[in-house]
J.: 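Can you keep this structure in mind? I'll have questions shortly.
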Amino acid sequence: KDKELLREAANVLISAAPEREEGYLLRAWACKLSGDIAGASLALEGGLSKVGHPAYIPKMLEQIKSELQPAVNEPETHHEK
């Protein structure tokens, strides 16, 4: 329930003030809490494209992308007999 409320709050903030970063940060946080690391990354990138570059957003984006990286680039294993 709390995750749903957080996501709703993010949507309201983004609708009310798309030029401010708070809504995008809440959306990223909601995605991350739900285990959607890719969604969190997209939320932050969307915020960067609309808000500009507050100093902390690129750092957060880098951290989230580093969490996403192992899942995306898992080495393939081949079992030879």
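Both backbone and side-chain heavy atoms feed into the values below; hydrogens, waters and symmetry mates do not. What you are looking at is a predicted structure, and each value in this text was computed from that prediction instead of being measured.
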J.: Looking at SG of C31 and CZ of R7, how far apart are the two atoms once the value is rounded to the nearest 0.5 Å?
T.: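 Interatomic distance, C31 SG to R7 CZ, rounded to 0.5 Å: 4.5 Å.
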J.: Apply the hydrophobic cluster definition, ILVMFWY joined by side-chain contacts under 4.5 Å directly or through others, and give me every member besides W29.
T.: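 So far as hydrophobic clustering goes, W29 is joined with L6, L13, L26, L33.
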J.: For the side chain of S41 and the backbone of I37, is there at least one donor-acceptor N/O pair under 3.5 Å apart?
T.: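 Not confirmed, S41 side chain does not pair with I37 backbone.
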J.: Of all heavy-atom pairs between R27 and A10, which one has the smallest distance, and what is that distance?
T.: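 Smallest interatomic distance, heavy atoms only, reads N-CB, 3.4 Å.
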J.: Who passes side-chain hydrogen bond (donor to acceptor under 3.5 Å, both in side chains) against D36, sequence neighbours left out?
T.: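 By the side-chain hydrogen bond (donor to acceptor under 3.5 Å, both in side chains) rule, D36 matches no residue at all.
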J.: Taking all non-hydrogen atoms of both residues into account, name the closest pair between K3 and A30 and its distance.
T.: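 Smallest interatomic distance, heavy atoms only, reads O-CB, 4.4 Å.
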J.: Considering residues at least two apart in sequence or located in another chain, which fulfil the side-chain contact (heavy atoms from CB on, under 4.5 Å) criterion with A28?
T.: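 side-chain contact (heavy atoms from CB on, under 4.5 Å) list for A28, sorted by chain: A40, A43, L44.
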J.: Using modelled atom types and a 3.5 Å cut-off, is there a donor and acceptor pairing between side-chain atoms of Y24 and backbone atoms of P18?
T.: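 The answer is yes, because a donor-acceptor pair under 3.5 Å joins these two groups.
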